[in-house]
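Count residues from 1 along the sequence.
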Amino acid sequence: MKYKEIVNNILNNSMHGKIKGKTFRITAGTDAKELVRELNNAITDAGGFGIVNWTLAGEDSEYFINNACTQQFELTAKHMQKTLPAFDGFITIWSDNDLFAGQDLNPEKLKQYKALVMPVRDKLIIDSKPWVFMYYPSTSNAVNAQMSLKQYTEFWRQVSSLDYMKMKKSMMPLKELMEKTDSVRIVQTGTTDLSFSIKKQKAVICAGECNIPDGEVYIAPIKNSVNGFIQFNTDIEYAGIPYKNIRLEFKDGRVVRGTSEVNNDKFQKLLDSDKGARYTGEFALGVNPLITNCLKDLLFDEKINGSLHIALGKCYKDSPNGNNSQIHFDIVQIQTPEYGGGEIYFDNKLIRKDGKFIPKNLHALNKTGK
């Protein structure tokens, strides 16, 4: 099997190995047909049933969102309520050669779609059933990462085939340390000095259950505790809009000033999306051993070994801090020497310097390579 390890990760890790007698919805781009065929065959061999929903990725949703009326959005939500409960797991394999299609979305229509449709989706999938999201390699992904398609595809195969169950064990000491911590301080000389509390918050390990690739441990900051400033050093895209070198200043949890070197006008609108958009919903540390550079793809970049990211907007249900928003915007700072270094302190104790963990029980997370 060409994709044996990836299929095993999806079924045994993301779907928790519970396949027999279960029905799965596989949503995929047509470029991923070989992977989908192997995946569906494996589901059949394991006693399950897969239903494939082929999609043109961004082209499908963009036209609908821009042209549908309120009644059509409501019909979409009603259809989801009727059909999604029939599935026991959801597998999405995106293949899209237009990574910035979202730039053509009507902001007001998108806001309406999110308000009427997304809560239903979240309730029936995100909050209640096993699900996983991944990309299948495309030319645009490769160009964005400044690789040939052959190079990118091989990298994607390696990082998607990692033993995530083994990785999860090495991440456990970090989860335990975060849950014992009160104060966090992030420093990068000249660009960042940010502090906040994570006291009594729950930390969550991400090891291939919902994203492939994966490799992060996240926790929600106490909502009103964030103070200081942070400069992110990666190019990033949100809803099809590219942003660069985002800088945020916080006071009592709220962003009082935020800028982006590109599309700053759109970034200001994003910050003003709703009351929760200027507060944080997540702080996370990236630990994937194979992802060491910015690929301009958040699914990869938020897992960069030696990185951290902070999300503006909605917190996750499994690590709540009371913040709610229509957005959840992860922004990444890499702290390896090539990207300017940096320090992270837990309760005034240095726990990571220049992307490398200091405590001995976290040294396994410093290793790079398969």
Side-chain angles (χ1 to χ4, degrees), residues 14-15 23-27 51 53 55 57-58 60-92 94 101-102 104-134 201-202 204 206 209-211 218-221 223 237-241 253-255 266 269-282 284 298-299 302 310-331:
S14 304
M15 298 297 112
T23 302
F24 300 89
R25 189 183 75 170
I26 305 169
T27 301
I51 295 179
N53 174 38
T55 176
D60 285 345
S61 56
E62 179 187 308
Y63 186 87
F64 177 74
I65 290 172
N66 282 345
N67 293 278
C69 63
T70 300
Q71 183 183 24
Q72 287 170 295
F73 290 152
E74 292 171 344
L75 286 171
T76 302
K78 186 180 293 185
H79 175 72
M80 287 182 172
Q81 289 171 333
K82 289 181 178 180
T83 59
L84 296 187
F87 296 98
D88 299 295
F90 298 85
I91 301 165
T92 301
W94 218 239
D104 298 320
L105 286 169
N106 181 312
E108 292 304 315
K109 298 287 286 187
L110 179 60
K111 187 175 183 179
Q112 185 182 31
Y113 175 83
K114 286 183 175 181
L116 294 174
V117 178
M118 299 300 277
V120 176
R121 185 211 65 170
D122 289 351
K123 180 180 179 181
L124 296 176
I125 299 179
I126 305 299
D127 296 337
S128 60
K129 300 288 182 71
W131 61 274
V132 64
F133 177 90
M134 68 184 301
Q201 293 290 86
K202 181 183 177 183
V204 180
C206 298
E209 295 90 353
C210 299
N211 286 171
Y218 72 80
I219 197 166
K223 183 178 176 180
E237 170 266 330
Y238 184 79
I241 308 297
R254 186 176 184 272
V255 175
K266 292 183 173 64
K269 291 179 180 178
L270 190 65
L271 289 174
D272 292 329
S273 299
D274 51 42
K275 291 182 179 179
R278 287 180 179 265
Y279 291 84
T280 61
E282 176 191 2
L298 187 57
L299 189 66
E302 66 177 1
I310 288 174
L312 294 176
K314 184 179 180 179
C315 64
Y316 288 123
K317 186 177 180 179
D318 49 8
S319 184
N321 70 349
N323 195 37
N324 190 31
S325 175
Q326 288 189 6
I327 74 166
H328 181 93
F329 182 19
D330 296 295
I331 320 173

Would you sort out whether Leu270 and Lys266 count as a side chain to side chain contact (heavy atoms under 4.5 Å, CB included), showing the intermediate values? CA-CA 6 Å; Leu270 190 65; Lys266 292 183 173 64; over 6 Å; no

Would you sort out whether Met15 and Ile91 count as a side chain to side chain contact (heavy atoms under 4.5 Å, CB included), showing the intermediate values? CA-CA 9 Å; Met15 298 297 112; Ile91 301 165; 4.1 Å; yes

N/O donor-acceptor pair under 3.5 Å between Lys129 side chain and Phe87 backbone: yes

Kindly compute the distance separating CD1 (Ile51) from CZ (Phe24), expressed to the nearest 0.5 Å. 11.5 Å

With distance as the sole test, does Asp274 use its side chain to make a donor-acceptor pair with the main-chain N or O of Gln326 at under 3.5 Å? yes

Using the side chain to side chain contact (heavy atoms under 4.5 Å, CB included) rule, take Phe133 and Cys210 through it: C-alpha gap first, then chi angles, then the decisive distance, then the call. CA-CA 6 Å; Phe133 177 90; Cys210 299; over 6 Å; no

Using distance alone, with no hydrogens and no angle criterion, decide if Gln112 and Thr70 have a side-chain donor and acceptor under 3.5 Å apart. yes

Would you check if the side chain of Glu302 reaches a backbone N or O of Asp330 as a donor-acceptor pair within less than 3.5 Å? no

Among Ile26, Thr27, Ile125, which residue meets the side-chain contact (heavy atoms from CB on, under 4.5 Å) test with Thr92? Thr27

For the side chain of Arg278 and the backbone of Val255, is there at least one donor-acceptor N/O pair under 3.5 Å apart? yes

Is the number of heavy atoms from other residues, nucleotides or ligands under 6.0 Å of Lys314 NZ greater than 12? no

Any idea how Tyr316 and Tyr218 line up, ring-wise: parallel (<30°), tilted (30 to 60°), or perpendicular (>60°)? tilted

Can you tell me if Asn321 uses its side chain to pair, donor with acceptor, with the backbone of Pro221 under 3.5 Å? yes

Check against side chain to side chain contact (heavy atoms under 4.5 Å, CB included), Ile331 and Phe329: CA-CA 6 Å; Ile331 320 173; Phe329 182 19; 4.1 Å; yes

Should the pair Tyr113 and Phe64 be assigned to parallel (<30°), tilted (30 to 60°) or perpendicular (>60°) ring geometry? perpendicular

Within the distance-only criterion (no hydrogens, no angle test), does the side chain of Ser14 pair as donor or acceptor with the backbone N or O of Val132 below 3.5 angstrom? no

Is the backbone N or O of Gly313 less than 3.5 Å from a side-chain atom of Asn323, with the two atoms forming a donor-acceptor pair by type? yes

Taking Asn66 for the side chain and Asp104 for the main chain, is one N or O donor matched with an acceptor at less than 3.5 Å? yes

Main-chain N/O of Glu282 paired to Thr280 side chain as donor or acceptor, under 3.5 Å: no

4.5 Å side-chain heavy-atom contact, Phe90 and Asn53: no

